[in-house]
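Read through the structure below, which is laid out as C-alpha coordinates, and then see the notes.
Here the structure is a predicted model, which means the values were calculated and not measured. Because only heavy atoms are used, hydrogens play no part in the values below, and waters and symmetry mates are left out as well, while side chains stay in. Lettering follows sequence order; numbering is per chain, from 1.
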Number of protein chains: 2
Amino acid sequence: MHKMNSKNKTFIDKLRSSGLRPTNQRVEISKFLFNRKKTFHFTVEELKNSMNLKRSKKISTATFYNTVHALKSAGHLKEFSLENNTSYYDTNITSHHHFFDNGKVIDIKSDKITFQKLPEAPKGKKIKNVEVVIRLENNN
Amino acid sequence: MHKMNSKNKTFIDKLRSSGLRPTNQRVEISKFLFNRKKTFHFTVEELKNSMNLKRSKKISTATFYNTVHALKSAGHLKEFSLENNTSYYDTNITSHHHFFDNGKVIDIKSDKITFQKLPEAPKGKKIKNVEVVIRLENNN
DNA sequence: AACTACTTTATAATTATTCTAAAGTATGTG
DNA sequence: CACATACTTTAGAATAATTATAAAGTAGTT
Ligand SMILES: [Mn+2]
Ligand SMILES: [Mn+2]
Ligand SMILES: [Zn+2]
Ligand SMILES: [Zn+2]
(Lines give C-alpha, C1' and ligand atoms only; values in the text may rest on other atoms or scores of the structure.)
(Ligands and ions follow the chains in the order given, each with its own letter.)
Protein backbone atom coordinates (compact mmCIF):
# COMPACT_ATOMS: atom_id res chain seq x y z
CA MET A 1 0.00 0.00 0.00
CA HIS A 2 1.12 3.53 -0.65
CA LYS A 3 1.65 6.10 2.04
CA MET A 4 0.79 9.60 0.87
CA ASN A 5 3.38 12.27 1.49
CA SER A 6 2.86 15.98 1.02
CA LYS A 7 4.78 15.93 -2.24
CA ASN A 8 2.26 13.48 -3.66
CA LYS A 9 -0.65 15.53 -2.41
CA THR A 10 -1.03 17.77 -5.39
CA PHE A 11 -1.21 15.15 -8.07
CA ILE A 12 -3.33 12.82 -6.00
CA ASP A 13 -5.75 15.66 -5.50
CA LYS A 14 -5.86 16.18 -9.23
CA LEU A 15 -6.99 12.57 -9.57
CA ARG A 16 -9.59 12.91 -6.83
CA SER A 17 -10.99 16.10 -8.28
CA SER A 18 -11.23 14.31 -11.63
CA GLY A 19 -13.47 11.70 -10.06
CA LEU A 20 -10.73 9.08 -10.10
CA ARG A 21 -9.64 6.93 -7.20
CA PRO A 22 -5.89 7.19 -6.70
CA THR A 23 -4.92 3.71 -7.82
CA ASN A 24 -1.33 2.76 -8.32
CA GLN A 25 -1.40 3.24 -12.08
CA ARG A 26 -3.16 6.56 -11.89
CA VAL A 27 -0.89 7.91 -9.19
CA GLU A 28 2.16 7.05 -11.26
CA ILE A 29 0.70 8.71 -14.32
CA SER A 30 -0.34 11.82 -12.44
CA LYS A 31 3.03 12.02 -10.74
CA PHE A 32 4.83 11.64 -14.04
CA LEU A 33 2.73 14.41 -15.53
CA PHE A 34 2.65 16.95 -12.75
CA ASN A 35 5.68 16.31 -10.61
CA ARG A 36 8.07 18.40 -12.70
CA LYS A 37 9.20 21.97 -12.80
CA LYS A 38 8.53 22.75 -16.43
CA THR A 39 5.42 22.47 -18.53
CA PHE A 40 5.04 19.11 -20.21
CA HIS A 41 3.59 18.78 -23.71
CA PHE A 42 2.84 15.24 -24.83
CA THR A 43 0.70 12.81 -26.78
CA VAL A 44 -0.86 9.80 -25.08
CA GLU A 45 1.37 7.47 -27.09
CA GLU A 46 4.48 9.37 -26.02
CA LEU A 47 3.37 9.29 -22.40
CA LYS A 48 2.65 5.58 -22.58
CA ASN A 49 5.94 4.72 -24.23
CA SER A 50 8.11 6.77 -21.93
CA MET A 51 6.40 5.50 -18.78
CA ASN A 52 6.20 1.86 -19.83
CA LEU A 53 9.81 1.76 -20.96
CA LYS A 54 11.00 1.64 -17.35
CA ARG A 55 8.30 -0.66 -16.06
CA SER A 56 8.23 -4.45 -15.95
CA LYS A 57 4.45 -4.54 -15.54
CA LYS A 58 3.11 -2.20 -18.25
CA ILE A 59 0.16 0.09 -17.74
CA SER A 60 -2.44 -0.53 -20.42
CA THR A 61 -3.23 1.84 -23.25
CA ALA A 62 -6.82 2.20 -22.08
CA THR A 63 -5.69 3.34 -18.63
CA PHE A 64 -3.49 6.02 -20.15
CA TYR A 65 -6.29 7.28 -22.36
CA ASN A 66 -8.87 7.12 -19.58
CA THR A 67 -6.69 8.91 -17.07
CA VAL A 68 -5.59 11.64 -19.44
CA HIS A 69 -9.15 12.14 -20.58
CA ALA A 70 -10.47 12.48 -17.02
CA LEU A 71 -7.68 14.88 -16.05
CA LYS A 72 -8.46 16.93 -19.11
CA SER A 73 -12.20 16.98 -18.45
CA ALA A 74 -11.53 18.19 -14.92
CA GLY A 75 -9.36 20.97 -16.29
CA HIS A 76 -5.99 19.68 -15.13
CA LEU A 77 -4.73 19.27 -18.69
CA LYS A 78 -5.30 21.31 -21.80
CA GLU A 79 -5.66 19.75 -25.22
CA PHE A 80 -4.21 21.22 -28.37
CA SER A 81 -3.31 20.12 -31.87
CA LEU A 82 -0.42 20.31 -34.24
CA GLU A 83 -0.81 19.62 -37.95
CA ASN A 84 -0.75 15.84 -37.66
CA ASN A 85 -4.10 14.61 -36.41
CA THR A 86 -2.88 13.62 -32.98
CA SER A 87 -4.05 15.15 -29.73
CA TYR A 88 -1.42 16.87 -27.64
CA TYR A 89 -1.82 17.71 -23.99
CA ASP A 90 -0.32 20.52 -21.98
CA THR A 91 0.21 20.52 -18.23
CA ASN A 92 0.07 24.30 -18.34
CA ILE A 93 -3.64 24.95 -18.19
CA THR A 94 -3.41 28.73 -18.09
CA SER A 95 -4.06 30.66 -21.28
CA HIS A 96 -0.62 31.04 -22.85
CA HIS A 97 1.24 31.02 -26.13
CA HIS A 98 3.61 28.67 -27.95
CA PHE A 99 6.57 28.45 -30.20
CA PHE A 100 6.17 25.55 -32.64
CA ASP A 101 9.56 24.46 -33.86
CA ASN A 102 9.43 21.36 -36.04
CA GLY A 103 7.15 19.36 -33.80
CA LYS A 104 8.78 20.76 -30.66
CA VAL A 105 6.52 22.91 -28.50
CA ILE A 106 7.75 25.63 -26.17
CA ASP A 107 5.65 27.71 -23.81
CA ILE A 108 5.52 31.48 -24.03
CA LYS A 109 4.18 33.14 -20.90
CA SER A 110 1.04 35.11 -21.46
CA ASP A 111 2.64 38.43 -20.55
CA LYS A 112 5.39 38.04 -23.17
CA ILE A 113 2.90 38.95 -25.86
CA THR A 114 0.63 41.97 -25.80
CA PHE A 115 -1.66 43.34 -28.45
CA GLN A 116 -1.99 46.76 -29.97
CA LYS A 117 -5.11 45.92 -31.90
CA LEU A 118 -7.58 43.06 -31.56
CA PRO A 119 -10.86 42.52 -33.39
CA GLU A 120 -14.14 42.49 -31.53
CA ALA A 121 -16.12 39.30 -31.18
CA PRO A 122 -19.00 38.87 -33.64
CA LYS A 123 -22.32 39.90 -32.09
CA GLY A 124 -23.81 37.44 -29.66
CA LYS A 125 -20.34 36.12 -28.94
CA LYS A 126 -17.58 36.98 -26.57
CA ILE A 127 -13.88 36.21 -26.48
CA LYS A 128 -12.96 33.21 -24.35
CA ASN A 129 -9.23 33.45 -24.92
CA VAL A 130 -6.59 34.59 -27.34
CA GLU A 131 -3.67 32.32 -28.04
CA VAL A 132 -0.71 32.85 -30.30
CA VAL A 133 1.42 30.34 -32.14
CA ILE A 134 4.81 31.52 -33.32
CA ARG A 135 6.18 29.13 -35.88
CA LEU A 136 9.97 28.93 -36.01
CA GLU A 137 12.46 27.93 -38.64
CA ASN A 138 16.23 27.62 -38.68
CA ASN A 139 18.31 30.71 -39.34
CA ASN A 140 19.95 31.26 -42.71
CA MET B 1 -13.51 16.87 -73.36
CA HIS B 2 -13.40 20.11 -71.46
CA LYS B 3 -12.78 23.45 -73.08
CA MET B 4 -10.89 25.80 -70.80
CA ASN B 5 -12.35 29.24 -70.27
CA SER B 6 -10.61 32.11 -68.53
CA LYS B 7 -12.68 31.58 -65.39
CA ASN B 8 -11.31 28.06 -65.10
CA LYS B 9 -7.76 29.24 -65.65
CA THR B 10 -6.81 29.95 -62.09
CA PHE B 11 -7.81 26.65 -60.57
CA ILE B 12 -6.51 24.65 -63.49
CA ASP B 13 -3.19 26.37 -63.08
CA LYS B 14 -3.20 25.42 -59.43
CA LEU B 15 -3.49 21.79 -60.49
CA ARG B 16 -0.73 22.14 -63.08
CA SER B 17 1.62 23.83 -60.65
CA SER B 18 0.91 21.00 -58.20
CA GLY B 19 2.16 18.51 -60.76
CA LEU B 20 -1.32 17.23 -61.49
CA ARG B 21 -2.89 16.82 -64.91
CA PRO B 22 -6.23 18.60 -65.04
CA THR B 23 -8.48 15.57 -65.21
CA ASN B 24 -12.21 15.89 -64.87
CA GLN B 25 -12.26 14.92 -61.22
CA ARG B 26 -9.40 17.20 -60.29
CA VAL B 27 -10.82 20.15 -62.16
CA GLU B 28 -14.12 19.79 -60.37
CA ILE B 29 -12.42 19.59 -57.00
CA SER B 30 -10.17 22.55 -57.69
CA LYS B 31 -13.09 24.58 -58.99
CA PHE B 32 -15.17 23.72 -55.95
CA LEU B 33 -12.33 24.79 -53.68
CA PHE B 34 -11.11 27.94 -55.34
CA ASN B 35 -14.00 29.28 -57.38
CA ARG B 36 -15.60 31.19 -54.53
CA LYS B 37 -15.35 34.66 -53.07
CA LYS B 38 -14.75 33.76 -49.45
CA THR B 39 -12.14 31.61 -47.78
CA PHE B 40 -13.15 27.98 -47.47
CA HIS B 41 -12.18 25.89 -44.43
CA PHE B 42 -12.87 22.19 -44.74
CA THR B 43 -11.92 18.61 -43.93
CA VAL B 44 -11.43 16.07 -46.71
CA GLU B 45 -14.51 14.17 -45.56
CA GLU B 46 -16.62 17.31 -45.68
CA LEU B 47 -15.34 18.14 -49.12
CA LYS B 48 -16.03 14.64 -50.37
CA ASN B 49 -19.53 14.51 -48.94
CA SER B 50 -20.61 17.88 -50.21
CA MET B 51 -19.24 17.32 -53.68
CA ASN B 52 -20.44 13.74 -54.07
CA LEU B 53 -23.93 14.58 -52.84
CA LYS B 54 -24.77 16.21 -56.16
CA ARG B 55 -23.00 13.68 -58.36
CA SER B 56 -24.30 10.46 -59.84
CA LYS B 57 -20.80 9.16 -60.47
CA LYS B 58 -18.92 9.68 -57.20
CA ILE B 59 -15.30 10.75 -57.01
CA SER B 60 -13.34 8.30 -54.90
CA THR B 61 -11.97 9.03 -51.46
CA ALA B 62 -8.42 8.45 -52.63
CA THR B 63 -8.77 11.08 -55.35
CA PHE B 64 -9.97 13.63 -52.81
CA TYR B 65 -7.09 12.89 -50.49
CA ASN B 66 -4.53 12.82 -53.27
CA THR B 67 -5.69 16.06 -54.84
CA VAL B 68 -5.93 17.96 -51.56
CA HIS B 69 -2.53 16.68 -50.55
CA ALA B 70 -0.89 17.76 -53.81
CA LEU B 71 -2.52 21.19 -53.66
CA LYS B 72 -1.31 21.57 -50.13
CA SER B 73 2.24 20.48 -50.95
CA ALA B 74 2.34 23.02 -53.75
CA GLY B 75 1.22 25.72 -51.32
CA HIS B 76 -2.30 26.26 -52.66
CA LEU B 77 -3.88 25.08 -49.44
CA LYS B 78 -2.86 25.51 -45.84
CA GLU B 79 -3.38 22.78 -43.25
CA PHE B 80 -4.44 23.42 -39.69
CA SER B 81 -5.96 21.52 -36.79
CA LEU B 82 -8.75 21.93 -34.32
CA GLU B 83 -8.89 19.87 -31.13
CA ASN B 84 -10.31 16.74 -32.77
CA ASN B 85 -7.57 14.89 -34.61
CA THR B 86 -8.81 15.75 -38.09
CA SER B 87 -6.92 17.81 -40.63
CA TYR B 88 -8.55 21.00 -41.79
CA TYR B 89 -7.57 22.89 -44.89
CA ASP B 90 -7.79 26.58 -45.64
CA THR B 91 -7.98 28.12 -49.10
CA ASN B 92 -6.49 31.27 -47.63
CA ILE B 93 -2.79 30.53 -47.76
CA THR B 94 -1.63 33.90 -46.49
CA SER B 95 -0.57 34.19 -42.87
CA HIS B 96 -3.74 35.18 -41.07
CA HIS B 97 -5.72 34.67 -37.89
CA HIS B 98 -8.90 32.85 -36.89
CA PHE B 99 -11.90 32.93 -34.68
CA PHE B 100 -12.75 29.41 -33.49
CA ASP B 101 -16.39 29.28 -32.52
CA ASN B 102 -17.56 25.80 -31.62
CA GLY B 103 -16.01 24.03 -34.58
CA LYS B 104 -16.78 26.96 -36.86
CA VAL B 105 -13.74 28.77 -38.27
CA ILE B 106 -13.73 32.41 -39.37
CA ASP B 107 -10.84 34.27 -40.94
CA ILE B 108 -9.37 37.38 -39.39
CA LYS B 109 -7.29 39.43 -41.78
CA SER B 110 -3.70 39.80 -40.77
CA ASP B 111 -3.93 43.55 -40.31
CA LYS B 112 -6.80 43.28 -37.83
CA ILE B 113 -4.34 42.17 -35.16
CA THR B 114 -1.15 43.98 -34.29
CA PHE B 115 1.29 43.36 -31.49
CA GLN B 116 2.73 45.62 -28.88
CA LYS B 117 5.19 43.07 -27.61
CA LEU B 118 6.46 39.83 -29.13
CA PRO B 119 9.19 37.50 -27.85
CA GLU B 120 12.36 36.97 -29.81
CA ALA B 121 13.06 33.64 -31.45
CA PRO B 122 15.42 31.33 -29.52
CA LYS B 123 18.97 31.56 -30.83
CA GLY B 124 19.62 29.80 -34.10
CA LYS B 125 15.96 30.17 -34.98
CA LYS B 126 13.89 32.79 -36.67
CA ILE B 127 10.20 33.51 -36.77
CA LYS B 128 8.38 32.04 -39.77
CA ASN B 129 4.97 33.39 -38.89
CA VAL B 130 2.76 34.46 -36.04
CA GLU B 131 -0.82 33.32 -36.00
CA VAL B 132 -3.55 34.03 -33.49
CA VAL B 133 -6.57 31.98 -32.55
CA ILE B 134 -9.37 33.80 -30.79
CA ARG B 135 -11.71 31.32 -29.17
CA LEU B 136 -15.29 32.49 -28.86
CA GLU B 137 -18.16 31.57 -26.61
CA ASN B 138 -21.76 32.68 -26.41
CA ASN B 139 -22.63 35.85 -24.54
CA ASN B 140 -24.24 35.77 -21.11
C1' DA C 1 -3.08 1.08 -83.41
C1' DA C 2 0.50 0.20 -79.94
C1' DC C 3 3.34 2.02 -76.15
C1' DT C 4 3.90 4.48 -72.22
C1' DA C 5 2.94 7.24 -68.39
C1' DC C 6 -0.24 8.91 -65.48
C1' DT C 7 -5.05 8.26 -63.02
C1' DT C 8 -8.88 6.46 -60.75
C1' DT C 9 -10.85 3.36 -57.93
C1' DA C 10 -12.03 -0.41 -54.69
C1' DT C 11 -10.10 -2.37 -51.16
C1' DA C 12 -6.64 -3.35 -47.66
C1' DA C 13 -3.61 -1.49 -44.25
C1' DT C 14 -2.29 1.76 -40.66
C1' DT C 15 -2.68 4.91 -36.78
C1' DA C 16 -4.90 7.19 -33.12
C1' DT C 17 -8.54 6.55 -30.31
C1' DT C 18 -12.65 4.57 -28.08
C1' DC C 19 -15.46 0.67 -26.72
C1' DT C 20 -16.48 -3.85 -24.55
C1' DA C 21 -16.55 -7.30 -21.53
C1' DA C 22 -14.12 -10.15 -18.49
C1' DA C 23 -11.12 -10.53 -14.57
C1' DG C 24 -9.07 -7.92 -10.67
C1' DT C 25 -9.14 -4.83 -6.60
C1' DA C 26 -11.05 -2.03 -3.03
C1' DT C 27 -14.69 -0.76 0.18
C1' DG C 28 -18.68 -1.29 3.13
C1' DT C 29 -21.54 -4.16 6.20
C1' DG C 30 -22.60 -7.13 9.45
C1' DC D 1 -13.43 -11.72 8.67
C1' DA D 2 -17.03 -13.25 4.66
C1' DC D 3 -19.66 -11.44 1.15
C1' DA D 4 -21.76 -7.91 -1.76
C1' DT D 5 -21.12 -4.09 -4.46
C1' DA D 6 -18.74 -0.68 -6.98
C1' DC D 7 -15.00 0.79 -9.31
C1' DT D 8 -10.66 -0.52 -12.19
C1' DT D 9 -7.58 -2.61 -15.30
C1' DT D 10 -6.75 -4.92 -19.22
C1' DA D 11 -6.71 -7.38 -23.78
C1' DG D 12 -8.72 -7.20 -27.61
C1' DA D 13 -12.43 -5.57 -30.82
C1' DA D 14 -14.32 -1.57 -33.06
C1' DT D 15 -14.15 3.04 -35.26
C1' DA D 16 -12.50 7.03 -37.76
C1' DA D 17 -9.18 9.42 -40.47
C1' DT D 18 -5.77 8.63 -43.49
C1' DT D 19 -2.46 6.23 -46.52
C1' DA D 20 -1.00 2.34 -49.41
C1' DT D 21 -1.71 -1.19 -53.03
C1' DA D 22 -2.67 -2.92 -57.22
C1' DA D 23 -5.75 -3.55 -60.99
C1' DA D 24 -8.33 -1.35 -64.59
C1' DG D 25 -9.04 3.10 -67.08
C1' DT D 26 -7.50 7.26 -69.73
C1' DA D 27 -4.52 10.22 -72.29
C1' DG D 28 -0.54 11.67 -75.03
C1' DT D 29 2.87 10.00 -78.38
C1' DT D 30 4.62 7.77 -82.14
MN1 LIG E 1 -7.68 9.97 -34.77
MN1 LIG F 1 -5.83 10.35 -38.07
ZN1 LIG G 1 2.01 25.06 -23.31
ZN1 LIG H 1 -8.38 30.84 -42.64
In whole Å, I'd like the distance from the [atom1] atom of [X] to the [atom2] atom of [N].
X	N	atom1	atom2	answer
A:Tyr88	C:dT15	OH	C1'	13 Å
A:Leu82	C:dT15	CG	C1'	16 Å
B:Lys72	D:dA17	NZ	C1'	15 Å
B:Phe64	C:dA10	CZ	C1'	15 Å
B:Arg55	C:dT9	CZ	C1'	13 Å
A:Glu46	C:dA16	CD	P	10 Å
B:Asn84	C:dT18	CG	P	11 Å
B:Phe42	D:dA17	CZ	P	15 Å

Any side-chain N or O of A:Tyr65 below 4.0 angstrom from OP1/OP2 of C:dT17?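 Result: yes.
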
Is the ring pair A:Phe42/A:Phe40 parallel, tilted or perpendicular, if the boundaries are 30 and 60 degrees?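 The rings of A:Phe42 and A:Phe40 lie parallel, inter-plane angle below 30°.
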
Do the ring planes of A:Phe80 and A:Tyr88 sit parallel (below 30°), tilted (30 to 60°) or perpendicular (above 60°)?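 Taking A:Tyr88 first and then A:Phe80, their aromatic rings sit tilted (interplane angle of 30° to 60°).
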
Side chain to side chain contact (heavy atoms under 4.5 Å, CB included) with B:Glu79: which residues, sequence neighbours excluded?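 Partners of B:Glu79 under the side chain to side chain contact (heavy atoms under 4.5 Å, CB included) test: A:Glu83, B:Lys72, B:Ser87, B:Tyr89.
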
Considering all heavy atoms, the nearest A:Lys78-A:Ile93 contact: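 Looking at all heavy atoms of both residues, the shortest contact is CD-O, 3.5 Å.
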
Under 4.5 Å side-chain linkage, directly or through intermediates, the cluster mates of B:Val132: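 B:Val132 shares its hydrophobic cluster with A:Phe99, A:Ile106, A:Ile108, A:Ile113, A:Phe115, A:Leu118, A:Ile127, A:Val130, A:Val132, A:Ile134, A:Leu136, B:Phe99, B:Ile106, B:Ile108, B:Ile113, B:Phe115, B:Leu118, B:Ile127, B:Val130, B:Ile134, B:Leu136.
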
Identified side chain to side chain contact (heavy atoms under 4.5 Å, CB included) counterpart of A:Leu15 within the set A:Arg26, A:His76, A:Lys31, A:Arg21: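 Answer to the side chain to side chain contact (heavy atoms under 4.5 Å, CB included) test with A:Leu15 among A:Arg26, A:His76, A:Lys31, A:Arg21: A:Arg26.
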
Which part of the nucleic acid does A:Thr43 contact within heavy-atom distance under 4.0 Å: base, sugar-phosphate only, or nothing?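 Result for A:Thr43 = nothing.
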
Protein-nucleic acid N or O pairs under 3.5 Å, nucleotides 8-12 of chain D:
residue: D:dT8; atom: OP1; partner: A:Arg21; partner atom: N; Å: 3.0
residue: D:dT8; atom: OP1; partner: A:Arg26; partner atom: NH1; Å: 2.7
residue: D:dT8; atom: O5'; partner: A:Arg26; partner atom: NH1; Å: 3.2
residue: D:dT8; atom: O5'; partner: A:Arg26; partner atom: NH2; Å: 3.4
residue: D:dT9; atom: OP1; partner: A:Thr23; partner atom: OG1; Å: 2.3
residue: D:dT9; atom: OP1; partner: A:Gln25; partner atom: OE1; Å: 3.4
residue: D:dT9; atom: OP2; partner: A:Arg26; partner atom: NE; Å: 3.0
residue: D:dT9; atom: OP2; partner: A:Arg26; partner atom: NH2; Å: 3.2
residue: D:dT9; atom: O3'; partner: A:Gln25; partner atom: NE2; Å: 2.9
residue: D:dT10; atom: OP1; partner: A:Lys57; partner atom: NZ; Å: 3.3
residue: D:dT10; atom: OP1; partner: A:Lys58; partner atom: O; Å: 3.4
residue: D:dT10; atom: OP2; partner: A:Ser60; partner atom: N; Å: 3.0
residue: D:dT10; atom: OP2; partner: A:Ser60; partner atom: OG; Å: 3.3
residue: D:dT10; atom: OP2; partner: A:Thr63; partner atom: OG1; Å: 3.3

